[in-house]
Protein chains: 2
Amino acid sequence: MDVRTLCLGALMGGEATGYEIRKMFDDGTFSHFQIASLGSIYPALTKLTQDGMVTFVEHEQENKPDKKIYQLTSEGRRTFLRTLLQTRPAEDRYRSDILFMLTFAEEMPIELTEALIDEFAARHELMSMQIDPDNPDKPAHQKFHGRDEDGKPSPGCCFVAGLGQAMCNATVKFIRENKQGLLDELRNRKANKP
Amino acid sequence: MDVRTLCLGALMGGEATGYEIRKMFDDGTFSHFQIASLGSIYPALTKLTQDGMVTFVEHEQENKPDKKIYQLTSEGRRTFLRTLLQTRPAEDRYRSDILFMLTFAEEMPIELTEALIDEFAARHELMSMQIDPDNPDKPAHQKFHGRDEDGKPSPGCCFVAGLGQAMCNATVKFIRENKQGLLDELRNRKANKP
DNA sequence: TGTGTCATGTAACACGTTACATGATTCG
DNA sequence: CGAATCATGTAACGTGTTACATGACACA
């Protein structure tokens with residue numbers, strides 16, 4: 001799924017600026033399973049405008065660049081929905097430097113191993129909180145997506161969010177239960193065969 | 001982490017051909033948290049050879065291209081270890097078309113939603129089995145990595161594998177518990193507001 | 001005073017993907 | 001008989017990343 005499609009999807013939840021779309025992928029609704037950077041979003045929106053998939057209204061602001069608020073056209077909406085029906089989803093891809101590095105824990109100082117594990121856990125704890133679509137102390141910008149007239153998040157969103165939280169929580173739990181064991185074993189090995 | 005570093009890491013577990021390295025990322029030890037395709041591995045190995053990080057021995061084979069068995073040089077080993085100590089790990093990145101699509105479940109036929117969920121679950125079940133470093137009915141090529149003299153997988157590998165399994169299992173469990181609820185709610189909504 | 005947020009945009013660059021080329025063997 | 005496995009390699013191509021450019025305001 002290229003950035004253009006992702007932008008269309010982001011706009012399915014209502015109008016937004018490029019900057020706000022990035023936040024949905026950075027902080028918000030899509031943050032745990034898709035990535036898109038500003039450097040790819042802006043060109044994508046330009047292209048989508050040219051193709052008639054989105055339109056924008058410029059809002060003047062003092063001392064800031066004009067805000068461009070983008071919105072799906074009916075053509076854009078149709079195109080996105082068609083894509084949804086026709087696309088064979090690509091394989092999931094997960095890349096984690098930390099896990100790769102931890103594979104070589106035996107070759108590292110134990111303090112580094114521990115730091116990496118803690119960082120991994122911290123990231124997942126944070127993520128788990130960010131994901132909750134009804135988290136009350138979350139900034140408004142994270143609440144854009146997939147809500148019906150009453151402001152309730154859509155069932156699809158809830159399901160995906162719940163799944164994301166389950167994954168994060170399982171990760172954190174595993175670490176809580178297994179970190180010490182790993183560190184102990186590493187210390188043992190170092191003691192026996194240095 | 002670029003492909004060159006990943007290849008060095010792969011060779012930390014012993015000698016291997018390019019083809020076998022790909023399998024470690026496809027099927028094997030690294031498959032659940034890193035990706036590398038043949039089209040990037042071969043050029044990386046060439047470059048690493050030029051830089052003195054690896055060497056290879058050519059084994060003739062009948063009716064097949066000669067097999068090049070690569071091995072770390074001591075320089076390559078040192079370089080990899082240094083990278084390990086000095087690299088600030090990049091953020092994890094997970095991309096899932098399926099989860100993105102499921103976000104829009106309300107806009108899809110229910111059969112498609114269900115099919116996507118089932119596929120997601122199936123992929124994670126498969127992954128969970130592939131991950132187990134001691135799975136007996138796993139082809140030998142998946143057993144390359146991170147083993148000590150006795151053939152036992154290294155503690156780092158075990159930890160990372162366990163973590164991967166925990167994530168997969170949590171995913172599968174969540175789906176088992178929540179899929180039907182989602183489908184029911186979607187059906188309800190369709191019945192009420194078509 | 002420096003960092004972060006809001007806000008857009010461009011462009012060089014690195015990187016990996018995909019497809020192509022080759023070819024025997026094995027498995028269903 | 002077609003598909004998959006083993007086995008390497010090249011090259012065009014598309015894609016996204018990174019860094020740069022600009023600038024005000026708020027917060028610590």
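Chain naming here is simple, since letters A, B, ... match the order of the sequence lines and numbering starts at 1 in each.
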* Are OP1 or OP2 of D:dT17 and a side-chain N or O of A:Arg22 less than 4.0 angstrom apart? -> no

* Asked: According to a strict under-4.0 Å criterion, is B:Arg95 in side-chain N/O contact with OP1 or OP2 of D:dT15?
  ->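 The answer is no; no side-chain N or O of B:Arg95 sits under 4.0 Å from OP1 or OP2.
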
* Asked: Given the side-chain rings of A:Phe56 and A:Tyr70, with only the six-membered ring counted for Trp, is the space between their centroids under 6.0 Å?
  ->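 Ring-ring flag for A:Phe56/A:Tyr70: true, centres closer than 6.0 Å.
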
* To do: Would you please indicate if the ring centroids of A:Phe25 and A:Phe30 are separated by under 6.0 Å?
  => yes

* How long is the line joining CG of B:Asp66 and P of D:dA7, in whole Å? -> 11 Å

* To do: Please state how far atom NZ in B:Lys23 lies from atom C1' in D:dA4, giving the value in whole angstrom units.
  =>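 In whole Å, D:dA4 C1' and B:Lys23 NZ are 12 Å from each other.
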
* Asked: Which residue pairs pass the ring pair (Phe, Tyr, Trp, His ring centres under 6.0 Å) test with at least one member in residues 152-172 of chain A, sequence neighbours excluded?
  -> A:Phe159-B:Phe174

* Structure fact -> Double-helix bend of the helix from C:dT1-D:dA28 to C:dG28-D:dC1, axes at both ends from 5 pairs, round to 10°, gives 60°

* Answer yes or no: is there a donor N or O on one side and an acceptor on the other, between the side chain of B:Thr79 and the main chain of B:Glu75, under 3.5 Å? => yes

* **Within residues 34-52 of chain B, residues whose heavy atoms come under 4.0 Å of DNA chain C** =>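 Those residues are B:Ser37, B:Gly39, B:Ser40.
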
Quick one: salt bridge (charged side-chain N to carboxylate O under 4.0 Å, His left out) partners of [X], sequence neighbours excluded?
| X | value |
| --- | --- |
| B:Asp92 | A:Arg123 |
| A:Asp51 | A:Lys47 |
| B:Asp118 | B:Lys179 |

